[in-house]
Amino acid sequence: MLTGRLCWVPLLLALGVGSGSGGGGGSRRRRLLAAKVNKHKPWIETSYHGVITENNDTVILDPPLVALDKDAPVPFAGEICAFKIHGQELPFEAVVLNKTSGEGRLRAKSPIDCELQKEYTFIIQAYDCGAGPRETAWKKSHKAVVHIQVKDVNEFAPTFKEPAYKAVVTEGKIYDSILQVEAVDEDCSPQYSQICNYEIVTTDVPFAIDRNGNIRNTEKLSYDKQRQYEILVTAYDCGQKPAAQDTLVQVDVKPVCKPGWQDWTKRIEYQPGSGSVPLFPSIHLETCDGAVSSIQITTELQTNYIGKGCDRETYSERSLQKLCGASSGIIDLLPSPSAATNWTAGLLVDSSEMIFKFDGRQGAKIPDGIVPKNLTDQFTITMWMKHGPSPGVRAEKETILCNSDKTEMNRHHYALYVHNCRLVFLLRKDFDQADTFRPAEFHWKLDQICDKEWHYYVINVEFPVVTLYMDGATYEPYLVTNDWPIHPSHIAMQLTVGACWQGGEVTKPRFAQFFHGSLASLTIRPGKMESQKVISCLQACKEGLDINSLESLGQGIKYHFNPSQSVLVMEGDDIGNINRALQKVSYINSRQFPTAGVRRLRVSSKVQCFGEDVCISVPDVDAYVMVLQAIEPQISLRGTDRLWRPAAQFESARGVTLFPDIKIVSTFAKAETPGEPKATAPKSAVLEEMLHNLDFCDILVLGGDLDPRQECLELNHSELHQRHLDATNSTAGYSIYGVGSMSRYEQVLHHIRYRNWHPASLESRRFRIKCSELNGRYTSNEFNLEVSILHEVKMSDKEHVSHLIVQPPFLQSVHHPESRSSIQRSSVVPSIATVVIIISVCMLVFVVAMGVYRVRIAHQHFTQETEAAKEAEMDWDDSALTITVNPMEKHEEPGHGEEETEEEEEEEVEEDMSSSSSDSEDSEEEEEEEGMGRGRHGQSGARQAQLEWDDSALPY
């Protein structure tokens, strides 16, 4: 090749190539020469494939990088001077190893990292050297594509995705896979980035691991033998490089799984006033690895044995109606037995909440005048009823309420009864101008009528439409039958409860169609219908289930309460959400004084799995809420228990205010706080005041009813209405009722007045107050008040009480007022009393006359013989003493002191007379005559000297 190129030299010299002479002509000649010499472009392959090992600079190309030029062996024109790479920021460069042969090399300008980029593609071109060393018009080859792959180096070790793994297994089972560990490698190539093997480093453990990282147990595990295993696991990539750090796998062994609810307590205590208390704050469901698709939970609070189905307010029916905003005019057909409502006295009472139990042998007659005979076309009947299935195939009618003929005939005007677990209301309208069929019997068929549970029934009558409300839900009659109207007659009607009165068509009138079950709060309201709001209030439970924070239940949880909030149903498809939802279920009782005792709880579950109706059976949770006894209040009535008022005040239009300063205070015994210093003195219970409502206060008249012809109790109705209370007035007393605060009752009692138009005949009047909370569950003390007339004793100025007749000041005069019975006996035998009075007066006059006579004789004798002895201050022996007295002083000081003594004695007599309110008029006349005798004796005694002498030693 070199020999060929040297042959061109003489030819070039002959043509003048390389000569410097010639100027411009020489340059043109050179261009012409170059065009003739550098005729061809260099040539390279169209594509190259190369491999470079990361962290190395040498690229191995296939085929090798060689450029050819057809101008060879011409110098410069046939030589390769450069390779040029086209692309931005490529980490490669191409260098020429031999210009003549055209050999080149591709190398990296900086270290190549496979993890950053695995391959490169770019364009390369070859350039020849032109026509001479100073020529720049090189010719370039066509563009060739170069594709380079980066060869990975196993520089990274495997690492686990989690620093530790945890699993729970059940004893006695062999698992195909307990859990799977996973490691990754940051190398770029499949050879070094893939994990080819896992290995358990810890020795002597009953576990194995496969190439995919699945750990299994090689033998059955025992909870009693070992409850937890900790093993170390490493990983290898396909280059057999181990993991930089082993991972920890913790396997917990649990006993054989039994599906069910865990971490709940059987007894939940509820302190009154605690609000909403969670029932199962830590409960969760164990499904034993079952593939659960959905779960339904039913939580039931069983309170059917508490009161009338649950804990409700135990106020009287009148108070409850008032509290719920019901219209006035309610008539209670089953009231508490009393003197005014004695028709329930013979019935069986089931509890203190006035629940009447009918055993099929009892009935009660409602007295005439309690319920109007004509109920009009609108009225309401309400009741609580608990009833079970009737015995026998064709059971008889069981009458709840019946209005029938009292005598002669056996017509039922209206009735409410149960027949074969159907509730039937009969209403026979009276005959009017239109003698046509009318709706008469309304039938309802409900399962609740015979389920032996308490239910609240309201029958709203707006003839001809009759609607039944049971536990707040509306029910229309499924059957309505028509009948002829009843023709008018003179026969009286009898209203009964618990049975129907059969007064005609029988040999002897009697009760029939007895009721079997329990009734409470049976009322009737003529002329008005009850609203849905009032009905819901009257039957509302004060205890039930609740959910704390409905917003936090989470998505996918459906829940539903029944009307009384005793049943809660929740449904969801996620076990975690269901667990959190059940943990928020709570019990609440809004009563201040709830009924203490047990409330049973039951949680039942229905679990469904994928592709199956029911997969696992979850046992029910049976627990109970223990409602603790509320602190019992001690209601105390305090005030003035004795009043004296002038007769004019009794006769006035305002009368006498009986209880101007009465106070109602409720206290409870406070427990001693731990850590308090113990007193050395005997400890007494610490009482603390509490606030609560009252539902009635009764003011009773003691010692006989009021005489409406001359006395009465009065209270302005405005005082009641503005405090939302009601009252009834009778000759036996005043009854204030309605649910209200103690301060309201105080204010009303302050306005109770007593009037008497003939107070002269009044000795005293006694009254008694007793207040109640929760219809007599908590009662106050009996506060007694006695009212008497303040008598004014008028005496003449000339009359004074003699200190010789009046008892000494250190002796108390005791008065014994006669009782009401002794007055009645004296009125029966007037002759004996008259004789006794006359004899007493005569004896009194005789004693007074003798005393006056002796005093005058003694005074005359002393004036004549011993004037000096009149001023002495002691009793002396006449035979041994001589007394000299200043005659100017003998009647001044003694007279003045005697008048003061007499005034004090007169005041004592007036106080004794005014405080003795039970003395008879004859006794008062006797005292007046006695006082007159004392006055006359006092006049003679005022003229005596201050000294008193022994009368037996004086000569007459």
Side-chain angles (χ1 to χ4, degrees), residues 49-60 62 91 108 111-120 147-257 288-291:
H49 293 276
V51 176
I52 184 172
T53 303
E54 66 175 340
N55 301 326
N56 199 348
D57 62 348
T58 302
V59 179
I60 300 175
D62 182 25
I112 303 299
D113 192 350
C114 179
E115 285 73 35
L116 295 178
Q117 190 168 344
K118 295 181 180 181
E119 57 185 24
Y120 296 88
H147 183 76
I148 299 177
Q149 289 184 339
V150 182
K151 185 178 180 180
D152 187 23
V153 176
N154 193 5
E155 58 182 334
F156 292 101
T159 57
F160 287 94
K161 288 186 175 182
E162 301 292 339
Y165 293 84
K166 187 174 182 179
V168 179
V169 297
T170 304
E171 62 176 349
K173 293 179 63 177
I174 296 293
Y175 291 85
D176 294 334
S177 176
I178 296 175
L179 60 86
Q180 183 182 21
V181 297
E182 186 177 359
V184 295
D185 197 313
E186 295 182 1
D187 288 317
C188 66
S189 65
Q191 179 182 3
Y192 300 132
S193 64
Q194 292 183 356
I195 307 299
C196 286
N197 191 25
Y198 291 93
E199 182 180 325
I200 295 178
V201 179
T202 307
T203 59
D204 298 329
V205 290
F207 298 95
I209 190 169
D210 61 14
R211 297 183 62 180
N212 295 323
N214 294 306
I215 299 176
R216 60 182 178 85
N217 57 322
T218 57
E219 62 183 44
K220 294 181 179 180
L221 305 179
S222 174
Y223 177 79
D224 297 330
K225 181 180 178 180
Q226 189 169 345
R227 299 184 180 183
Q228 188 182 80
Y229 293 88
E230 291 184 350
I231 57 178
L232 294 176
V233 176
T234 189
Y236 294 91
D237 60 17
C238 294
Q240 294 303 309
K241 191 168 188 175
Q245 185 176 0
D246 300 335
T247 187
L248 176 65
V249 178
Q250 179 179 317
V251 180
D252 294 330
V253 182
K254 68 177 182 178
V256 177
C257 179
C288 298
D289 300 328

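FYI, side chains are in, hydrogens and waters are out, and symmetry mates aren't considered; it's all heavy atoms of this structure.
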So, does [X] use its side chain to make a donor-acceptor pair with the main chain of [Y] at under 3.5 Å?
{"X": "Glu54", "Y": "Val153", "result": "yes"}
{"X": "Lys118", "Y": "Cys188", "result": "yes"}
{"X": "Gln180", "Y": "Asn212", "result": "yes"}
{"X": "Asp57", "Y": "Ala108", "result": "no"}
{"X": "Arg216", "Y": "Ser177", "result": "no"}
{"X": "Glu162", "Y": "Ala164", "result": "no"}
{"X": "Asn217", "Y": "Lys173", "result": "yes"}
{"X": "Gln226", "Y": "Gln228", "result": "yes"}
{"X": "Thr247", "Y": "Phe160", "result": "no"}

Checklist entry - Are Pro206 and Leu221 close enough that some pair of their side-chain heavy atoms sits under 4.5 Å apart? => result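 They are in side-chain contact.
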Checklist entry - Do Ile112 and Asn56 come within less than 4.5 Å of each other through their side chains, counting heavy atoms only? => result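 In short, these two side chains do not touch, never coming nearer than 4.5 Å.
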What's the spacing between [X] [atom1] and [Y] [atom2] if we round to 0.5 Å?
{"X": "Glu119", "Y": "Gln149", "atom1": "CD", "atom2": "CD", "answer": "6.0 Å"}
{"X": "Gln191", "Y": "Cys196", "atom1": "CD", "atom2": "SG", "answer": "8.5 Å"}
{"X": "Ile231", "Y": "Thr203", "atom1": "CD1", "atom2": "OG1", "answer": "11.5 Å"}
{"X": "Lys254", "Y": "Asp252", "atom1": "NZ", "atom2": "CG", "answer": "10.5 Å"}
{"X": "His49", "Y": "Ile148", "atom1": "NE2", "atom2": "CD1", "answer": "11.0 Å"}

Checklist entry - Taking the six-membered ring for Trp, are Phe207 and Tyr229 ring centroids under 6.0 Å apart? => result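 Between Tyr229 and Phe207, which both carry aromatic rings, the centre distance is below 6.0 Å.
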Taking all atoms of both residues into account, what is the closest heavy-atom pair of [X] and [Y], and its distance?
{"X": "Ala208", "Y": "Thr218", "answer": "CB-CG2, 3.8 Å"}
{"X": "Tyr236", "Y": "Pro158", "answer": "C-CG, 4.2 Å"}
{"X": "Glu171", "Y": "Asp224", "answer": "OE1-N, 4.4 Å"}
{"X": "Lys241", "Y": "Phe156", "answer": "CD-O, 3.8 Å"}
{"X": "Leu179", "Y": "Ala167", "answer": "CD2-CB, 3.1 Å"}
{"X": "Asn154", "Y": "Gly239", "answer": "ND2-CA, 3.6 Å"}

Next on the checklist: Evaluate Asn214 against Ile209 for side chain to side chain contact (heavy atoms under 4.5 Å, CB included), listing each step before the verdict.
Outcome noted: CA-CA 5 Å; Asn214 294 306; Ile209 190 169; 5.9 Å; no
Checklist entry - Do Thr234 and Asp246 have side-chain N/O donor and acceptor atoms under 3.5 Å apart? => result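 A pair is found: one side chain offers a donor N or O, the other an acceptor, under 3.5 Å apart.
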Checklist entry - Are side-chain N/O atoms of Ser193 and Asp187 paired as donor and acceptor at under 3.5 Å? => result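 No - no donor-acceptor pair under 3.5 Å links their side chains.
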Checklist entry - Please walk me through it: do Val233 and Val201 pass side chain to side chain contact (heavy atoms under 4.5 Å, CB included)? => result CA-CA 5 Å; Val233 176; Val201 179; over 6 Å; no
